[in-house]
Amino acid sequence: MSLLHDAVRVESLTVLSRFRTDFYDCLTARADALFELTDAVLCTDGPVRSLVDLALAPEHRRGHGALYAGLNRGRVDVARLRRVLSEMPLPRAADGRLVLAVDVSPWLRPDAGTVPDAGTVPDRSFCHTYGRGSAKHQMMPGWPYSVVVALESGRTSWTAFLDAVRLAPGADLAAVTADQVREVAERLITAGQWTDGDPEILVVLDAGYDAPRIAYLLSGLPVEILGRTRSDRVMRRPAPSRQEFLLDHPKGGRPPKHGGEFVFGDPTTWGAEQAVTVTNTRLYGRATAQAWDRLHPRLTQRAAWLEHDGPLPVIEGTVIRLTVEHLPSGGVNKPVWLWWSRTGATEADVDRCWQAFLRRFDIEHTFRMLKQTLGWTRPRLRNSAAADRWTWLIISTHTQLRLARPLATDLRRPWEKPALPHKLTPARVRRGFRNLRTTTGTPAGAPKPTTPGPGRPPGSKNRRPATRHDVGRVLAGGEAHQRPAHHKVGTKPRRTSSKLGRST
């Protein structure tokens with residue numbers, strides 16, 4: 001047993017050391033400063049509050065000037081880093097299937113008009129947030145990032161990062177998400193994570209995504225789309241066959257393209273279910289899932305389908321209604337409606353879908369870890385390219401914590417309960433990473449002594465003011481809507497058809 005444990009530790013240490021070396025090779029400019037900045041995030045005690053505090057960490061052997069120079073003028077080979085992330089060991093479901101989750105998390109910059117340099121931040125969009133101020137839904141200026149992670153099975157707060165894309169103002173959320181998932185799937189296939197004969201990759205989306213359209217855009221790939229839909233949707237049944245139509249209309253006529261309506265809020269239109277499952281759960285009591293086969297939305301020649309060539313497609317799928325006895329928080333118990341891009345669902349497929357959707361909320365724990373502990377949104381960076389650079393450093397930091405999970409020792413606080421090695425949270429793994437760093441080593445070179453420049457003479461004025469930028473929006477389709485950067489943040493924005501991921 002000890003030999004097996006030692007073999008697992010040696011293999012995990014090899015994988016972690018290889019990733020650190022590959023990550024260093026992806027830093028093509030100011031690599032030493034960026035790599036040591038990542039080590040400072042990994043080894044600093046407590047949450048990251050500011051970049052200046054990271055410059056004081058023992059792992060960061062350079063001054064704070066090199067830190068900011070690395071973020072502002074360094075370079076990261078993002079394409080290569082994405083390939084490296086796809087080649088790392090990834091978590092899988094119980095049946096060996098890869099389950100991916102996509103969500104949008106904003107890096108909020110709402111201080112337009114209150115800080116002199118806030119209006120100089122480019123590429124900001126109005127991001128959907130909840131819980132700020134009076135706990136209401138608001139649209140705040142910031143940088144929205146679309147993130148793709150691989151989910152584990154069972155209750156956990158771990159996810160595996162695969163990709164991150166900053167949404168530009170006026171971007172089509174469904175189109176960007178489809179392109180992002182397509183590129184991730186192609187990289188996974190190239191890396192050997194998926195081969196012919198394996199179960200199809202399941203992509204889980206929350207409300208706010210147009211799941212049928214994304215499934216249509218990803219046709220031809222070995223992926224399944226599972227998305228949450230609103231409870232006021234109306235779907236259509238399959239069109240009747242020619243024989244059925246002639247029986248109902250003996251005089252003939254034009255056959256309909258769509259069948260009868262399936263109104264989510266009207267049980268009289270549901271009809272008989274194709275599959276029903278009942279599962280006893282520990283937190284929710286009895287969970288009942290009902291599935292209706294071959295339902296599709298009725299598309300119209302507008303919005304995202306305005307410039308579609310040819311007849312509008314009929315995108316059929318399975319609608320799943322999930323109800324539970326009670327919620328752990330004691331809140332209002334509402335049914336959850338899901339749309340799955342496959343038809344002919346069995347009872348096993350229905351259980352797999354709704355259980356995978358519940359695992360999607362693990363990405364919320366990851367966002368909280370990134371923002372509250374690793375300090376993803378703490379820096380007050382002005383350049384959006386520097387924000388992207390810092391985002392990839394944080395993703396690499398979280399990946400190193402995931403790879404170090406079998407190696408970490410539980411350095412728990414006196415009031416914390418002991419945890420098994422495979423049950424350690426990312427925050428507990430981070431506590432002991434400083435000890436692991438001495439084992440893995442660092443490819444970064446030692447700093448060279450330099451003399452700082454004279455800087456701007458005292459008393460002189462800045463003769464190169466920064467450029468001011470407007471704040472846009474990320475839309476589901478159509479032209480981009482712009483709003484001046486000096487607009488008052490607290491006012492109610494105009495409603496859009498796109499709902500971005502919630503802030504954590």
Side-chain angles (χ1 to χ4, degrees), residues 102-104 128-131 135-139 172-174 177 204-216 225-239 256-276 284 287-306 312-327 329 331-341 343 345 350 353-354 357-358 360-361 473-478 492-502:
V102 184
D103 203 354
V104 177
H128 178 270
T129 60
Y130 178 80
K136 296 181 180 179
H137 295 272
Q138 295 179 340
M139 301 293 286
D172 187 340
L173 181 61
T177 302
V204 187
L205 309 171
D206 199 8
Y209 288 91
D210 191 350
R213 184 184 172 209
I214 294 177
Y216 173 78
I225 303 299
L226 176 66
R228 184 177 183 177
T229 61
R230 302 189 309 271
S231 59
D232 58 351
R233 290 290 300 271
V234 177
M235 293 280 181
R236 289 302 187 101
R237 301 183 185 277
K257 188 177 180 179
H258 309 280
E261 291 185 342
F262 184 94
V263 184
F264 286 13
D266 186 3
T268 59
T269 63
W270 296 352
E273 308 93 335
Q274 273 65 42
V276 180
Y284 305 98
T288 304
Q290 304 166 274
W292 292 268
D293 196 19
R294 297 190 64 189
L295 297 179
H296 65 273
R298 181 177 181 179
L299 304 179
T300 57
Q301 201 83 23
R302 62 174 184 175
W305 302 96
L306 182 61
L312 293 176
V314 176
I315 310 172
E316 291 187 343
T318 302
V319 171
I320 301 174
R321 183 178 184 266
L322 175 64
T323 56
V324 296
E325 289 184 340
H326 56 81
L327 298 179
S329 61
V332 180
N333 187 9
K334 297 181 180 181
V336 175
W337 292 90
L338 305 174
W339 185 88
W340 184 43
S341 62
T343 57
V350 174
C353 286
W354 71 261
F357 175 76
L358 294 184
R360 191 213 69 85
F361 292 96
R473 290 188 180 181
V474 176
L475 305 177
K492 184 178 180 180
R494 190 172 68 181
R495 182 178 298 177
T496 63
S497 60
S498 173
K499 178 181 177 184
L500 297 184
R502 297 179 178 178

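- Take E261 and apply the salt bridge (Lys or Arg N to Asp or Glu O under 4.0 Å) test, not counting sequence neighbours, and it matches R236.
- Rounded to the nearest 0.5 angstrom, H326 NE2 and Y284 OH are separated by 10.5 Å.
- Taking the side chain as every heavy atom from C-beta outward, F264 and V234 never approach each other to under 4.5 Å.
- V104 is listed as a side-chain neighbour of L173, based on a closest heavy-atom distance under 4.5 Å.
- Annotation: side chain of V319 is not in contact with side chain of L338 (no heavy-atom distance under 4.5 Å).
- Put simply, the side chain of R228 does not reach to within 4.5 Å of the side chain of W339, judged on heavy atoms.
- A distance of 6.0 Å separates CZ in R237 from CG in L295, rounded to the nearest 0.5 Å.
- The two residues G227 and A211 have their closest heavy-atom pair at CA-CB, 4.1 Å.
- For the pair N333 (side chain) and V324 (backbone), a donor-acceptor distance under 3.5 Å is present.
- Of the charged side-chain nitrogens involved, at least one lies within less than 4.0 Å of a carboxylate oxygen, so that R213 and D172 count as a salt-bridged pair.
- For the salt bridge (Lys or Arg N to Asp or Glu O under 4.0 Å) test, no residue two or more places apart in sequence or in another chain qualifies with D266.
- With a 4.5 Å cut-off on side-chain heavy atoms, V314 and E316 count as touching.
- In this structure, the side chain of Q274 engages the main chain of D293 through a donor-acceptor pair within 3.5 Å.
- Between F262 and W337, the ring planes lie perpendicular to each other; the angle is over 60°, past the 30° to 60° tilted range.
- Between atom CD of residue Q290 and atom CD of residue E273 there is a gap of 4.5 Å, rounded to the nearest 0.5 Å.
- Side-chain atoms of T343 do not come within 3.5 Å of backbone N or O of R294 as any donor-acceptor pair.
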**OP:** Evaluate the criterion side chain to side chain contact (heavy atoms under 4.5 Å, CB included) for residue pair M139 and T129; output intermediate values, then yes/no.
**Re:** CA-CA 6 Å; M139 301 293 286; T129 60; over 6 Å; no
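- L299 places a side-chain heavy atom less than 4.5 Å from the side chain of P313.
- W292 approaches A272 most closely through the heavy-atom pair CD1-O, 3.4 Å.
- Contact detail for H296 and M235: the closest heavy-atom pair is C-SD, 3.4 Å.
- Closest approach of A287 to W354, counting heavy atoms only: CB-CH2, 4.0 Å.
- In terms of heavy atoms, V350 sits closest to A291 at CG2-CB, 3.6 Å.
- Annotation: side chain of L205 is in contact with side chain of I225 (closest heavy-atom distance under 4.5 Å).
- With ring centers used as reference points, Y216 lies under 6.0 Å from W305.
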**OP:** Let me see the working for K257 and L312 under side chain to side chain contact (heavy atoms under 4.5 Å, CB included), right down to the final yes or no.
**Re:** CA-CA 10 Å; K257 188 177 180 179; L312 293 176; 4.3 Å; yes
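- Distance CD1/I320 to CG/L226: 6.5 Å, rounded to 0.5 Å.
- Across R233 and P297, no two heavy atoms sit closer than the pair NH2-CB, 3.5 Å.
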